[in-house]
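Whatever order the structure lists them in is the order used to number ligands and atoms, beginning at 1.
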Amino acid sequence: MLKKMRKKKRKLLAIALASGLVFSGLHIDSALAANPNSNASPIAEAKNETPQQVPQLVDAASINAVIEAMTLQEKAAMVVGANTVALDPVNGEIIGAQSRKVPGAAGQTQAIPRLGIPAIVLADGPMGVRIDPTRPDDDNTYHATKFPSPNVLASSWDTELVNKVGLATAAELSEYGIDLLLAPGMNIQSYLLNGRNYEYFSEDPLVTGIMTAEFVNGVQDNGIGTTIKHFAAYNQRTLNNGNMNVSQRALREIYLKGFEIAVKESDPWAIMDSYNAINGTYATENKDLLTSVLREDWGFNGFAMTDWENGNNRDIVKQIEAGTDLFMPGNLNQINRIITAVNDGSLDEKYLDRNIKAILNIVVKTPTFKGEVATNNPDMEAGAKVARQAAADGMVLLKNEDSSLPLANDVSVSLFGTPNIETMTGGRGSALVYAPYQIGIPEGLQNAGLKINEELLSKYETYVEELRATEEYQQTPGNFFVSTFPTLPEMDIAEDAIVAAENTDVGIIVLSSEFGTYGSDRSEEDFYLSESKLKMIEDVSDAYRAQGKSVIAVLNVEGPLETASWEDKVDGIVLSWQPGQELGNALADVLTGAVNPSGKLPQTFPVDYAELPYAERYPGVNDEFDYEEDIYVGYRYHSTFDLEPAYEFGYGLSYATFDYDNVRVNRNGNFKDKITVFATVENTGDVAGREAVQVYVSAPDGKLEKPELELKAFGKTKELRPGKKENLKFELDAKNLSSFDEEKSAWVLEKGTYEVLVGASSEDIRGTASFTVDEYVVVETVNDVLAPQVEIERLSKFN
Ligand code: BGC
């Protein structure tokens, strides 16, 4: 598919660019962007060359000469995004900032045609391409596939699948003329209420890093860039610009680890700095973060951009020196501040040159630079196919009492709950995608041949319609950031449930938590089901159980919700997530067994919010938040401090069952550079299925305390038919097994016995082995940076 698509591209600039020093009499595009209210070009004093001598950007080798030929105005314009919205010169317009080349894309860089530099286009986001679906004076539509969000992809534990979604996303980016995707999001889901958790993969840094790298490789192998984001420790919306105090160890082991893996394993073209400050310094001004860690420790080759902010309360000189290369979406004020700073000597131009070089190094790789032209004709069927597979593979079967699932294709079903009408497919704000269609739950089940209780369905439709027409529940005229739908109460269905239970084979209750907003965090209440939802569950449960029939709950949620208090009232629970446009079809695939569920949780489902170590503190006060739970994030906390979760990290059922055997390590258990772990998995069930296998390590406490267990590797079997086995092999090296010693500023491997725990989840360990490390090893010494500026009360298992 991709090959065919790429053939359609026309090489336009190739001849002009290949000839090197060509005449360029064009006016700079950035003149308008730099000051759209004025006709005067800010690029007034081009250097004293005859047109024939003006160096042109032709390849990476030409970059130095091009920078040398730039005027100061051009340099300043090059590091500031070409926001096309009429700018307020003081504050800068940022909301709604868009690319002029591709309507609805989040931004673009400046073009300097005089030097052969084209404008490249940047578009969101984590669930697919975010562009406007329609254009003025144009009858065509510009839809994009709404793929599952990263948390759903991570639930598949399938790296090949994630790579495939990356590839399918690249195909659409390419068709729409986009050079750089503003995704994937890869912050750690350390805090349950973070309003943007669905944009991220997991609470675990290894899962986050590996999945990001697979996605990035999938996109970039096809010639389009990615932007990993938001760097770093951006774990809440409430104190969006607040200061996050985090220990060096928690940063290195948890919050930076995924980024480190992604940078080293996939070489992303760009990284987006987060809005917040880390240990007293804004991420965008943070040289420790952007230079010492990102470039020096990890060898990052791309460029760093700000998140979409006007930058007025940031120090532009500090940002440029720190290694923030590009200011997005960009405003005139920033250009002027840079010019002034160079002129008054507060900014050394060499930093500007360095940053421009980082940007141009990427520009020369882009489709735009290579002369590829948007065809605006993506293969939507191909996208839908991948979206459906990914959605089904990311769903997690949490409960299946008495094999109440899968359902036969000819059963009759009654659907309960307003979310069966207003099903959420996911994505808001910058993760919004204008899909060509979205398959709701009734439609998906009907497509699979199930018989739906139409009477009840239309009752729900009327109920929802009528409530939405009232002032209290109408869609509020929202903007990019706020919720537009107040959540509906459930209707009283006690009577209807009795009739439905008599007449249909199974009851399916669709549950959602609050509609999220983009601009804020969830509240503690959002973790719990409302009274009316709990009553509905009770009524449906009583009615169906009275008939000896089963009830299935579908969780149409973007993150964990409370299940412990009601889960015994239902026989089966499917976590459908909010997995994109194919939700209904993918859910039907899982409910009927067309796809045997193989998803597992990338995030712990706790029993209660109040028992979480940060419940009292999150989201912080006075613009400050301390990461006191330190390295004990998610299952690291639950396992070390013996807190029972509702559903643990790594948990998920299948319609098959799997046995684990032959768990062992090589080298007679003596660690030298690396150790190999082996396991055999056999399908002992009576249907084909796949199993996500997890390798945890319980490391000995030494000078450094260690969590009870940590995920060190994972893999997924191919589809195994009943009775079939697969041998799996995992390699663990010293870096992967080491912990971060702040005193030494080094990754160290401490002596002792390491337990290897191979399991179906973080609590369901099926086989163990052990190895010993005889010698203390300093695995890697890194820059001693990012130390907290305040005392943090750090959680310790020895307190
Ligand atoms: C978000 C980014 C996004 C950008 C551009 C910001 O508000 O934080 O994740 O890429 O907007 O839309």
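At a threshold of 4.0 Å, the pair Asp124-Lys229 counts as salt-bridged, since one of the basic side-chain nitrogens sits closer than that to a carboxylate oxygen.
Of the polar atoms of Asp307, at least one N or O is found under 3.5 Å from an N or O of ligand 1, judged by distance alone. Ligand 1 has an N or O atom lying under 3.5 Å from an N or O atom of Lys229, backbone or side chain. For ligand 1, the polar-atom distance check finds no N/O of Glu199 at less than 3.5 Å from any of the ligand's N/O atoms.
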Per-pair distances, 0.1 Å, donor-acceptor, side chain in residues 263-271, under 3.5 Å, sequence neighbours excluded:
from, atom 1, to, atom 2, distance (Å)
Lys264, NZ, Glu260, OE2, 2.7
Ser266, OG, Ala262, O, 2.6
Asp267, OD1, Asn301, ND2, 3.2

Task: Asp325/Arg295 under salt bridge (Lys or Arg N to Asp or Glu O under 4.0 Å): CA gap, chis, key distance, verdict - done: CA-CA 13 Å; Asp325 304 299; Arg295 268 98 174 186; 2.6 Å; yes
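Of the inter-residue distances, the one linking Leu289 atom CG with Leu256 atom CG reads 6.5 Å to the nearest 0.5 angstrom.
Atom 10 (O) of ligand 1 has its nearest heavy-atom neighbour, among Thr227, Leu122, Asp124, Leu182, in Asp124.
Residue-ligand proximity, Arg130 to ligand 1, at heavy-atom distances under 4.0 Å covers atoms 12 (O). Distances below 4.0 Å separate heavy atoms of Tyr275 from the following atoms of ligand 1: 6 (C), 7 (O), 8 (O). The atoms of ligand 1 that sit less than 4.0 Å from any heavy atom of His230 are 2 (C), 8 (O), 9 (O). Which parts of ligand 1 touch Met272 is read off a 4.0 Å heavy-atom cut-off, strictly below it: atoms 2 (C), 10 (O). Taking every heavy atom of Ala106 and a limit of under 4.0 angstrom, the matching atoms of ligand 1 come to 5 (C), 12 (O).
Relative orientation of the Trp157 and Phe649 rings is perpendicular, given thresholds of 30° and 60° on the angle between their planes.
Using a 4.0 Å cutoff on heavy atoms, Met328 does not count as a contact of ligand 1.
Just one residue in the list Thr284, Asn286, Val79 forms a side-chain contact (heavy atoms from CB on, under 4.5 Å) with Thr324, and that residue is Thr284. Residue Ile316 is tested with Glu321, Gln334, Glu285 for a side-chain contact (heavy atoms from CB on, under 4.5 Å); the sole match is Gln334.
Under 4.0 Å from ligand 1, the heavy atoms of Arg196 that appear belong solely to its side chain.
Every pair passing side-chain hydrogen bond (donor to acceptor under 3.5 Å, both in side chains) that includes a residue from residues 199-209 is listed here, sequence neighbours excluded: Asn187-Tyr200, Arg196-Glu199, Tyr200-His230, Glu203-Thr604, Asp204-Tyr635, Asp204-Arg636.
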